[in-house]
Undergrad: 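Below you'll find the structure I mean.
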Amino acid sequence: MAEIIGNREEADAIFAVLVAWATAIGEKDAAGVLSHLTDDIVEFTLAPPLQYKGKDQPSLQGWFDTWQGPIEGDVEDQKLTIGGDIAFWSGLTHMLGTKIDGTKVDLWFRETLGLRKEAGVWKIAHDHTSVPFAMDGSGLAELGLKP
């Protein structure tokens, strides 16, 4: 269950958008994913570079093409805060699937979304995903963490 701060009716609308967005990711539907983003989206994703600006369907489809079958997942520790036409969502995201080379993916990562209501429709304006890294001087990503 998600912790919600703010207008419950807006929360229901936002969660409907997030479910549709996540479903499009799982189905590897690049156009469907992009339909839930603002035109000026800024993304700090797990993959380089440090940031992406705007929608890039060819790159997203290229990433989807590296997966066999659907991309599965779940979220835990969701929190949604809504204030007017701006909302902030955070949670722990679990991504599961198989890459085309047979590599199994079972990864938990942190995710934060900033949403903005445009013309009455909630859209994702910012997406930030990250994994912690070892503080032992190695700088290695901590990919095996689970909630």
Undergrad: Begin with the C-alpha distance, continue with both residues' side-chain angles, and end with the deciding distance and a verdict on side-chain contact (heavy atoms from CB on, under 4.5 Å) for His94 and Asp106.
TA: CA-CA 7 Å; His94 190 198; Asp106 182 353; 2.5 Å; yes
Undergrad: Name all residues meeting the side-chain hydrogen bond (donor to acceptor under 3.5 Å, both in side chains) criterion together with Ser130; count only those two or more places apart in sequence or in a different chain, and write none if there are none.
TA: Arg110
Undergrad: Got more than 12 heavy atoms from elsewhere within 6.0 Å of CD, Glu9?
TA: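 Incorrect, the count does not exceed 12.
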Undergrad: Determine whether Phe64 and Ile71 make a side-chain contact, defined as any pair of heavy atoms from C-beta on separated by less than 4.5 Å.
TA: yes
Undergrad: Does the pair Trp67 and Ile100 meet the rule for a side-chain contact (heavy atoms from CB on, under 4.5 Å), with working shown?
TA: CA-CA 5 Å; Trp67 293 82; Ile100 58 173; 5.8 Å; no
Undergrad: Just jot down the salt bridge (charged side-chain N to carboxylate O under 4.0 Å, His left out) partners of Asp65, sequence neighbours excluded, or say none.
TA: none
Undergrad: Enter the distance from Leu96:CG to Leu107:CG here, rounded to the nearest 0.5 Å.
TA: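 Going from the CG atom of Leu96 to the CG atom of Leu107 covers 9.0 Å.
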Undergrad: Evaluate whether atom CZ of Phe133 has more than 12 neighbouring non-hydrogen atoms of other residues, nucleotides or ligands under 6.0 angstrom away.
TA: no
Undergrad: Atom NZ of residue position Lys79 - does it have more than 12 heavy atoms of other residues, nucleotides or ligands inside 6.0 Å?
TA: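 Incorrect, the count does not exceed 12.
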Undergrad: If you round to the nearest 0.5 Å, how far is CG of Leu92 from CG of Asp74?
TA: 10.5 Å
Undergrad: Could you check if a side-chain atom of Ile41 sits within less than 4.5 angstrom of a side-chain atom of Tyr52, using non-hydrogen atoms only?
TA: no
Undergrad: Does one hydrophobic cluster hold both Leu60 and Leu37, with members joined at side-chain heavy-atom distances below 4.5 Å?
TA: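 Linked within one cluster.
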Undergrad: Under the side-chain contact (heavy atoms from CB on, under 4.5 Å) criterion, do Val75 and Leu18 qualify, and how do the steps go?
TA: CA-CA 11 Å; Val75 294; Leu18 296 179; over 6 Å; no
Undergrad: Say whether Lys123 and Thr38, considering side chains only, have a donor N or O and an acceptor N or O under 3.5 Å apart.
TA: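 No pair is found: no donor N or O on one side chain lies under 3.5 Å from an acceptor on the other.
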Undergrad: Can you list the steps and then say if Thr45 with Trp63 is a side-chain contact (heavy atoms from CB on, under 4.5 Å)?
TA: CA-CA 12 Å; Thr45 65; Trp63 181 71; over 6 Å; no
Undergrad: Quick one, Leu145 and Val131 - any side-chain contact, counting heavy atoms below 4.5 Å?
TA: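 The answer is no, as the side chains (C-beta and beyond) never meet within the 4.5 Å cut-off.
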Undergrad: Provide the full list of side chain to side chain donor-acceptor pair (under 3.5 Å) pairs with a residue in residues 133-147, sequence neighbours left out, each pair given once.
TA: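 Pairs touching residues 133-147 that pass the test: Asp136-Ser138.
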Undergrad: Would you say the side chain of Thr93 lies within less than 4.5 Å of the side chain of Thr129, judging by non-hydrogen atoms?
TA: no
Undergrad: Give me the atom names and distance for the closest heavy-atom approach of Ala24 to Gly32.
TA: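 The pair with the smallest heavy-atom distance is CB-C, 3.7 Å.
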Undergrad: Name the residue from Arg116, Lys53, Lys55 that meets the side chain to side chain contact (heavy atoms under 4.5 Å, CB included) definition with Asp40.
TA: Arg116
Undergrad: Under a 3.5 Å threshold, yes or no: a donor from one side chain and an acceptor from the other, between Trp108 and Glu76?
TA: no
Undergrad: Do you reckon Ile5 sits in the same ILVMFWY cluster as Phe15, going by side-chain contacts under 4.5 Å, direct or chained?
TA: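 Unlinked, Ile5 and Phe15 end up in two clusters.
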Undergrad: Given side chains that start at C-beta, do those of Phe44 and Val42 come closer than 4.5 Å, heavy atoms only?
TA: yes
